[in-house]
Protein chains: 2
Amino acid sequence: MNAATAPKKPSFKQQQMQFRENAILDSVNRLLSQKGFDLMTMDEVAADVGIAKASLYKHFPSKESLAAASMTRLLDHSLAVVNQVPSHLSSKDKLKLVVRWGITLHIQGEMPYLPSTRSSIQQALLGHPPYIERLQDLTTQLGEWILDAQEKGQLSAALPAEVILYSIFARACDPMADFLKMGGAFTDSDIIDLLVHTCFDGLTPLRVD
Amino acid sequence: MNAATAPKKPSFKQQQMQFRENAILDSVNRLLSQKGFDLMTMDEVAADVGIAKASLYKHFPSKESLAAASMTRLLDHSLAVVNQVPSHLSSKDKLKLVVRWGITLHIQGEMPYLPSTRSSIQQALLGHPPYIERLQDLTTQLGEWILDAQEKGQLSAALPAEVILYSIFARACDPMADFLKMGGAFTDSDIIDLLVHTCFDGLTPLRVD
DNA sequence: GTCTATAAACCGATAGAC
DNA sequence: GTCTATCGGTTTATAGAC
C-alpha cells in the first residue's frame, strides 16, 4: 500500500465537474419550481445551463435522477439551516424559523415542485439512498423539536407529532402563497408572515395571555 | 313565429349527449385526482369511459376544455353544498363544514388536481365563463361568512379575508392528507378531522375557555 | 356520433464523430 | 466530455369511412 496512490485532492477535472453539476442543479431547481417535474424538459435544462442535451446525460443518467439530485441538495440546504438555528430559541420558534425559510424559498421560485402522488419520480427518490438518509436526518431533528415543544405546551400535545411534521413540510409548497402573490395585494414579506402565522395559529383569534 | 318551432323539451338525443358527457366528466374527475392534469392522457379518458378517442373530441374540443368542464362541475357541486349548509350554524361552523367537504373529496380521490402555476390550463379556466361565474358566486358566499365570522370574533379579524378564503381553498388540495394516508397510521375519518382542526386552529394548544 | 387509422409534434435517451 | 443528429416511443388532435 503506497500512500502516493491514495487520493490527495479532488483534482482540477473533478472540481470542474462538481462546479458544472452545481450549475446544472441550479437550473433544475428553478425549472422544477416554475414548471414542475412533468413540464420540465431535458432540452430546457440543457439550454438553460448552456450545454448540449447529450452532455447533460454524461452527468445524470435520467430525468428522474436529476430531480432526485435536486431534492437531495435541497435537503442538504435544509439541514444546514436547521443546524444554524440559534440554540437559545424555544423549540417552537426554531420550527417557525424553518417553516419561514421553506416558504421564503417557495415564494422566491427556488422550491422544487414535485407532485406528491406520482410513481416514477417518487420511486426515484426512494431508490436514491442519499435522499433517504438526509430525509431521515431532517425528520429526526425536527421530531426532537416537535416533541420538546409539545412537552412544554408550546405546541398542541393532542396532535400526533407526525401531523405537525407533515404540516411543516406541506407549508413549503402551499399554493396559498401563489394565490396571494397572483392577487398582488401583498408583498412577499407580508405573504411569508401570513403563511407562517396561519400554519401555527390557524384562522381563529389569538388568545390574549 | 310558430310556437311549434320553439324548443319544447331537450329531446332524447340531447339528453343522451348530456348523460354521456356526465359520464366523461366522471372519468376525468377521477383521473385528474389520481394522476393530475399532465399525466392524464386522452387515450386513458376514452378507454375509461369506453368510447374512442375521436368520439371524445366530438364532445370536448381539447384536453384543457375537459379539465375546465370538470372544474366547473366541481364548483357547481361546491355551490350546492354551500347552499345546503344548515342555516342555524355559526358562520365559522358553516365554513368548517365546507372545508370538511373539500378534504373529504380529496381523500376519496375525487378532487381534480390541477397545477396552480401553469399557463395552458390556467388560461383555459380564465377563458371559460361558466367557471369564472361560479367561482365568483362561491367566493361571494364564502366571503360573506368570513366577514360575519370575523365581526363576531369567531375568526381572526387581524387576517385579511382574502387569506382566509385562499386558506380554505388550499386545504382541499393539501398534500398532508396524502402523506398521512401513505403513512397508514390513521383512518380517513381521522385524517379529515386532523386537517380541519389544523386549518382553523393551527398547531398551538387550544385555549381553555 | 362512433369508429379505425394516422398525422404532426414533442420528449427522453443514445450513437458516433471530435 | 462536448457536440450534432437521430432513434424510438408517446401524446394531442384529426381525417375519413360508416
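What you see below is based on every heavy atom in this structure, not just the backbone, and it leaves out hydrogens, waters and symmetry mates. Numbered from 1 within each chain, the chains take letters A, B, ... in sequence-line order.
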Please report the distance, rounded to the nearest Å, between CG in B/L39 and C1' in D/dT10. 12 Å
Within the distance-only criterion (no hydrogens, no angle test), does the side chain of B/T104 pair as donor or acceptor with the backbone N or O of B/R100 below 3.5 angstrom? yes
Among D/dT12, D/dT4, D/dG1, which nucleotide has an atom closest to any side-chain atom of A/A54? D/dT4
Classify B/K58 by what it touches in the nucleic acid, base, sugar-phosphate, or nothing, heavy-atom distance under 4.0 Å. base
Please state how far atom CD in A/Q18 lies from atom C1' in D/dG1, giving the value in whole angstrom units. 16 Å
On DNA chain C, compare the nucleotides closest to B/M17 and A/P61; which residue's is nearer the 5' end? B/M17
Between atom NZ of A/K53 and atom CE of A/M42, what is the distance when rounded to the nearest 0.5 Å? 8.0 Å
Closest to the A/A52 side chain: D/dT12, C/dA13, D/dT4? D/dT4
Spacing between A/I51 atom CD1 and D/dG1 atom C1', to the nearest angstrom: 10 Å
Within this structure, what is the NZ-to-P distance between A/K53 and C/dC11, rounded to whole angstrom? 9 Å
Rounded off to whole Å, could you give me the OH-to-C1' distance for the B/Y57 and D/dA13 pair? 5 Å
How close or far is atom P of D/dG1 from atom CZ of A/F60, stated in whole angstroms? 13 Å
Over how many whole Å does the gap from A/E64 atom CD to C/dG12 atom C1' extend? 9 Å
Using whole Å, what does the distance between atom P of nucleotide D/dG1 and atom CD of A/Q15 come to? 14 Å
Checking the side chain of A/Q150 only, and the main-chain atoms of A/L159 only, is there a donor and an acceptor separated by less than 3.5 Å? yes
When you get a sec, tell me which of D/dA13, C/dT2, C/dG12 is the closest nucleotide to the side chain of B/H59? C/dT2
Salt bridge or not between B/D190 and B/K181? Use side-chain N to carboxylate O under 4.0 Å. no
Identify whether any heavy atom of B/S55 sits under 4.0 Å from a base atom; if not, whether one sits that close to sugar-phosphate; answer base, sugar-phosphate or nothing. base
Would you mind telling me which of D/dT2, C/dT2, C/dG12 lies closest to the side-chain atoms of A/R20? D/dT2
Spatial distance of atom CG (B/L155) from atom NZ (B/K96) [nearest 0.5 Å]: 9.5 Å
